[in-house]
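Residue indices begin at 1 and follow the sequence shown. When a ligand or atom number is given, it counts from 1 through the structure's own listing order.
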Amino acid sequence: MCGIIGVRGRTDAAEIAHWGLYALQHRGQESAGIVGVDDTGHARSVRALGLVSDGIDREQLAPLTGSVAIGHTRYSTAGATTLENVQPLLVQFRGGHIGLGHNGNITNASELRVALEDRGSIFSSTNDTEVLVHRLAMSTATQPEEQLADALRGVEGAYCLVVVIGRTLLAARDPHGWRPLVMGRFPSNNGHGAAGGIVFASETCALDMVGARYEREVAPGEIIAVDDTGIRSSFPLPAAPLHRCVFEHVYFSRPDSIVFGTSVEAARRALGQRLARECPTPGAELVFSVPDSSNSAALGYAEESGLPFEFALIRNHYVGRTFIQPTQAGRDAKVKVKYNAVRDLLEGKKVVMVDDSIVRGTTTRGLVTMVRHAGAREVHMRVSSAPITGPCYYGIDTPNRSELIAAQLSVDEIAADLGVDSLGYLSLDGMLAAVPSGPGGFCDACFSGRYPTPAPVDSAKLRFGCGN
Ligand code: 5GP
Ligand code: SF4
Ligand code: MG
């Protein structure tokens with residue numbers, strides 16, 4: 001998973017992209033990058049491993065002058081965190097330069113790459129995104145949006161893209177609409193002397209950050225080009241059924257964003273309310289969340305069940321997400337570093353712990369132990385999504401089936417394994433019905449096993465970039 005942003009029409013485009021990346025940090029913490037194109041058409045990039053705040057400072061940004069910029073935050077499997085994989089990619093070709101940032105995962109990247117290598121292409125990274133750059137460079141079309149359309153024909157899977165070719169900014173979303181991408185506009189009276197400007201971003205929270213107004217989603221299958229003459233929209237790719245990722249609402253996006261046209265906060269609250277109706281906890285004394293991702297769902301659960309919502313787990317904000325630890329031992333230790341329980345609230349109580357999802361079970365097991373040590377009498381776990389039984393091939397880095405606890409054990413067995421007094425998951429139908437813009441048009445493959453595309457031929461090899 002990744003966050004992307006593209007800005008055009010503001011003199012300080014790279015700086016705006018930089019600010020926007022702070023708001024997209026939750027979508028990827030392994031690396032960050034910005035490509036800026038100056039007014040003579042010269043492109044420069046800054047790329048760094050780690051967080052936006054650690055890796056990119058104002059001094060590095062200074063040379064990125066001009067009114068066109070794209071940015072990227074990357075989240076990937078451990079082991080592929082190398083500078084070559086940092087996006088946006090920036091390459092030179094006979095037509096000038098191509099800068100490209102990708103959120104998603106191209107499911108036929110292996111086949112496309114082999115085909116390109118057979119024709120003599122040389123790859124410098126191990127991510128699935130580089131095939132797009134090669135395919136773009138091969139197009140003989142004259143307009144940038146036609147070049148991008150040529151590159152995308154035959155590409156399968158999930159992609160939201162921000163691209164610069166020359167001084168043209170392009171945004172594209174795959175026809176299934178797996179990942180979110182929005183368009184915003186700067187007010188024309190922005191006090192910077194520039195007449196408005198356009199911004200594309202994974203989530204609307206980045207538009208809020210940079211002071212742009214949300215205009216609309218980039219539609220599934222749409223390519224939008226922005227240059228000095230204005231904005232052009234086209235739909236050059238064959239239409240496909242809608243497969244928006246339901247997990248964006250459950251976990252990934254920020255609650256202050258509008259995703260797929262719906263407030264994430266409202267979706268999470270509704271998931272929690274529905275969970276309370278499906279899996280009530282009679283006799284419970286309080287509800288708490290596993291902060292921050294399940295805050296809204298836990299609040300919804302508490303409201304619906306008429307129970308007090310308490311902050312019984314405190315999260316240390318100075319450590320990253322637990323998944324990033326490559327080893328199990330590292331992950332175990334990190335649960336304790338990341339959370340602590342509030343004894344004063346929990347002692348002697350029958351409590352409901354709400355989380356948005358259980359993936360491996362590592363975090364949950366550690367938390368249950370912690371909550372019991374803090375004196376809770378009974379711990380009832382409620383999960384605002386259905387059991388995750390399969391991997392994601394479309395850009396979220398869920399582990400292989402063998403590591404997914406719900407792929408291996410029944411709900412009762414999971415409850416025993418986690419050490420909870422009871423465990424209740426939201427049903428699949430309930431999850432889809434709760435999302436305000438549902439239940440149609442969503443991908444639920446990792447919950448249901450209904451994969452809309454064939455599994456990638458070599459998924460291990462595909463799990464290297466962001467892509468992934
Ligand atoms: P587990 O109990 O499976 O070890 O961890 C579940 C926790 O991880 C939940 O709190 C959930 O919010 C979070 N989570 C769910 N999916 C992902 C993901 O794709 N990446 C990360 N970093 N965390 C996730
Ligand atoms: Fe989202 Fe799951 Fe579908 Fe992946 S498989 S796109 S995480 S719903
Ligand atoms: Mg969480």
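Contact detail for Ser257 and Thr204: the closest heavy-atom pair is CA-OG1, 3.2 Å. Residue Asn105 comes nearest to His102 through the heavy atom pair N-NE2, 3.8 Å, listed as atom of the first residue, atom of the second, then distance. Here the closest non-hydrogen pair linking Arg173 and Val218 is NH1-O, 2.7 Å.
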Take Leu423 and Ile358, measure what side-chain contact (heavy atoms from CB on, under 4.5 Å) needs, and give me the verdict at the end. CA-CA 11 Å; Leu423 171 64; Ile358 302 178; 4.1 Å; yes

Given the rule in the side-chain contact (heavy atoms from CB on, under 4.5 Å) test, do Ile70 and Leu169 qualify, once you have shown the distances and angles that lead to the verdict? CA-CA 8 Å; Ile70 56 174; Leu169 172 66; 3.6 Å; yes

Determine whether Glu278 and Tyr425 satisfy the following criterion, side-chain contact (heavy atoms from CB on, under 4.5 Å), listing intermediate values before the conclusion. CA-CA 9 Å; Glu278 286 190 13; Tyr425 282 96; over 6 Å; no

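Every heavy atom of Met1 sits 4.0 Å or more from the atoms of ligand 2. Within the 4.0 Å heavy-atom cutoff, Thr398 does not count among the residues contacting ligand 1.
In this structure, Asp429 does not pair ionically with Arg274, as no charged nitrogen and carboxylate oxygen lie closer than 4.0 Å.
The distance criterion of under 3.5 Å between nitrogen or oxygen atoms is not met by Tyr339 with respect to ligand 1. For a threshold of 3.5 Å applied to N or O pairs, the pair formed by Gly361 and ligand 1 contains at least one separation below that value. Of the N or O atoms in Val359, one or more lie within a sub-3.5 Å distance of an N or O in ligand 1.
Contact annotation: for Asp355 versus ligand 1, heavy atoms closer than 4.0 Å belong to the side chain alone. Contact annotation for Ser293 and ligand 1: only side-chain heavy atoms (C-beta onward) come within less than 4.0 Å of the ligand. Under 4.0 Å from ligand 2, not a single heavy atom of Tyr451 appears. Contact annotation for Asp356 and ligand 1: only side-chain heavy atoms (C-beta onward) come within less than 4.0 Å of the ligand. Contact annotation for Arg179 and ligand 2: only side-chain heavy atoms (C-beta onward) come within less than 4.0 Å of the ligand.
Residue Thr363 has at least one heavy-atom neighbour below 4.0 Å for each of these atoms of ligand 1: 1 (P), 2 (O), 4 (O), 5 (O). The atoms of ligand 1 that sit less than 4.0 Å from any heavy atom of Arg360 are 1 (P), 3 (O). The atoms of ligand 1 that sit less than 4.0 Å from any heavy atom of Ile358 are 3 (O). Heavy-atom proximity to Thr362, at under 4.0 Å, picks out these atoms of ligand 1: 1 (P), 2 (O), 4 (O). In summary, the atoms of ligand 1 found under 4.0 Å from a heavy atom of Tyr75, numbered by their order in the structure, are 20 (N), 21 (C), 22 (N).
Residue side and main chain included, Ser293 places an N/O/S atom under 2.8 Å of the Mg ion (ligand 3).
Around atom 2 (Fe) of ligand 2, protein N, O or S atoms at a distance under 2.8 Å total 1; waters are neither shown nor counted.
Relative orientation of the Tyr75 and Phe252 rings is perpendicular, given thresholds of 30° and 60° on the angle between their planes.
A donor-acceptor contact under 3.5 angstrom links the side chains of Ser253 and Glu248, judged on distance only. For the residue pair Asp292/His317, the side-chain donor-acceptor check at 3.5 Å is satisfied. Side-chain contact of Glu156 with Thr453: a donor-acceptor pair under 3.5 Å is absent, judged by distance alone. Donor-acceptor pairing under 3.5 Å is lacking for the side chains of Tyr301 and Ser384.
Summarising the local packing, CG of Asp344 is surrounded by 12 or fewer heavy atoms from other residues, nucleotides or ligands at distances under 6.0 Å.
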